[in-house]
J.: 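Starting off with a structure, shown below.
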Amino acid sequence: QVQLVESGGGVVQAGGSLRLSCAASGGTFSNYALGWFRQAPGKEREFVAAISWSDTSRNYADSVKGRFTISRDNAKNTVYLQMNSLKPEDTAVYYCAAAPWGGSSPRRDEYRYWGQGTQVTVSS
């Protein structure tokens, strides 16, 4: 059983930056693909970014390409999402998720473990 805890959310002005962190415990972190998803009020949870278990593949939603960067630190059991040039439409609750031996899939159903989420609010 893997537990995931997100942090780093907050309120930022448009054009600003935030770095989200997701700390994992209870499993062998290096064996898991990690993904970030987000859910805005009244909308479905959507894919943001993912990184494969081997760190050989990274995948991004078109809406965040060139602005967001996903990375992992296996020594710290942590995955990060660096978010730059934030826009009001990036406002959402951001969730990290883990998939054993996964690639950088955008599919929610491939992720077995989920965190509780962290709120990101971008003001205009």
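This chain uses plain numbering: 1 for the first residue, then up along the sequence.
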J.: Would Glu6 and Trp36 satisfy side-chain contact (heavy atoms from CB on, under 4.5 Å), going step by step from the backbone distance to the final call?
T.: CA-CA 10 Å; Glu6 302 96 336; Trp36 285 97; 3.9 Å; yes
J.: Check whether Leu86 and Ile70 end up in the same hydrophobic cluster, where Ile, Leu, Val, Met, Phe, Trp and Tyr are linked by side-chain heavy atoms less than 4.5 Å apart.
T.: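 In one cluster with Leu86: Ile70, yes.
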J.: For residues 7-24, run the donor-acceptor check on the side chains, cut-off 3.5 Å, and write out each pair with its distance to 0.1 Å, sequence neighbours left out.
T.:
| residue | atom | partner | partner atom | Å |
| --- | --- | --- | --- | --- |
| Ser17 | OG | Asn84 | OD1 | 2.9 |

J.: Look up atom OH in Tyr60 and atom CD1 in Ile51, then write down how far apart they are to the nearest 0.5 Å.
T.: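 Between atom OH of Tyr60 and atom CD1 of Ile51 there are 7.0 Å.
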J.: So, do Gln1 and Tyr113 sit near enough that their side-chain heavy atoms are less than 4.5 Å apart?
T.: yes
J.: Where is the tightest heavy-atom contact between Val93 and Gly117, given as atom of each residue plus distance?
T.: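 Residues Val93 and Gly117, closest heavy atoms: CG1-CA, 3.8 Å.
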J.: Should Tyr111 and Val2 be regarded as members of a common hydrophobic cluster, given that ILVMFWY residues are connected when their side-chain heavy atoms come within less than 4.5 Å of each other, either directly or indirectly?
T.: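 Tyr111 does not cluster with Val2.
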J.: If only atom types and distance count, is the side chain of Arg72 paired as donor or acceptor with the main-chain N or O of Phe29 below 3.5 Å?
T.: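 Yes, Arg72 side chain to Phe29 backbone: donor-acceptor pair under 3.5 Å.
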J.: Is it true that Tyr94 and Val122 fall in one hydrophobic cluster, defined by side-chain heavy atoms closer than 4.5 Å?
T.: yes
J.: Search all heavy atoms of Thr56 against all heavy atoms of Ser54 and return the closest pair with its distance.
T.: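 Closest approach of Thr56 to Ser54: OG1-OG, 2.7 Å.
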J.: Report, as yes or no, whether the 6.0 Å neighbourhood of atom CD on Gln3 holds more than 12 heavy atoms from other residues, nucleotides or ligands.
T.: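 More than 12 within 6.0 Å, yes.
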J.: What pairs with Asp73 under salt bridge (charged side-chain N to carboxylate O under 4.0 Å, His left out), at least two apart in sequence or on another chain?
T.: none
J.: Take Thr91 and Glu89 through the test side-chain contact (heavy atoms from CB on, under 4.5 Å) and record every step on the way to the result.
T.: CA-CA 5 Å; Thr91 295; Glu89 51 263 44; over 6 Å; no
J.: Please report the interatomic distance OG(Ser25) to CG(Leu4), rounded to the nearest 0.5 Å.
T.: 7.5 Å
J.: Taking the six-membered ring for Trp, are Trp114 and Phe37 parallel (under 30°), tilted (30 to 60°) or perpendicular (over 60°)?
T.: tilted
J.: So, taking the atom named OG1 in Thr69 and the one named CE in Met83, what distance separates them when rounded to the nearest 0.5 Å?
T.: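 The OG1 atom of Thr69 sits 11.0 Å away from the CE atom of Met83.
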J.: Side chain of Thr78, backbone of Lys76: donor and acceptor closer than 3.5 Å?
T.: yes
J.: State whether a side-chain donor-acceptor pair under 3.5 Å links Ser30 with Thr28.
T.: no
J.: In chain order, what residues pass the salt bridge (charged side-chain N to carboxylate O under 4.0 Å, His left out) check against Lys43, with sequence neighbours excluded?
T.: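 Result, salt bridge (charged side-chain N to carboxylate O under 4.0 Å, His left out) vs Lys43: none returned.
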J.: Do Asp62 and Lys65 pass the salt bridge (charged side-chain N to carboxylate O under 4.0 Å, His left out) test, and can you show the C-alpha distance, the side-chain angles, and the key distance before you say yes or no?
T.: CA-CA 5 Å; Asp62 287 343; Lys65 275 181 185 175; 3.2 Å; yes
J.: Could you verify whether a donor N or O on one side chain and an acceptor N or O on the other, from Ser104 and Ser57, lie under 3.5 Å apart?
T.: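 Short answer, yes.
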J.: Restricting to non-hydrogen atoms, name the atom on Phe47 and the atom on Ser105 that form the minimum distance, rounded to 0.1 Å.
T.: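 Distance-wise, the nearest heavy atoms are CE1-O, 3.7 Å.
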J.: Give the intermediate values and the outcome of side-chain contact (heavy atoms from CB on, under 4.5 Å) for residues Arg38 and Glu46.
T.: CA-CA 5 Å; Arg38 66 187 182 186; Glu46 66 175 5; 2.6 Å; yes
J.: Rounded to the nearest 0.5 Å, what separation is found between the CZ atom of Arg67 and the OG atom of Ser85?
T.: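 So the CZ of Arg67 and the OG of Ser85 are separated by 7.0 Å.
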J.: For Arg58, does the CZ atom sit with more than 12 other heavy atoms under 6.0 Å from it, leaving out its own atoms?
T.: yes
J.: Step by step, would you call Trp53 with Leu34 a side-chain contact (heavy atoms from CB on, under 4.5 Å)?
T.: CA-CA 7 Å; Trp53 72 271; Leu34 287 308; over 6 Å; no
J.: How close do Arg45 and Tyr95 get, heavy atom to heavy atom, and via which atoms?
T.: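 Smallest heavy-atom distance, with atoms named: NH2-CZ, 3.4 Å.
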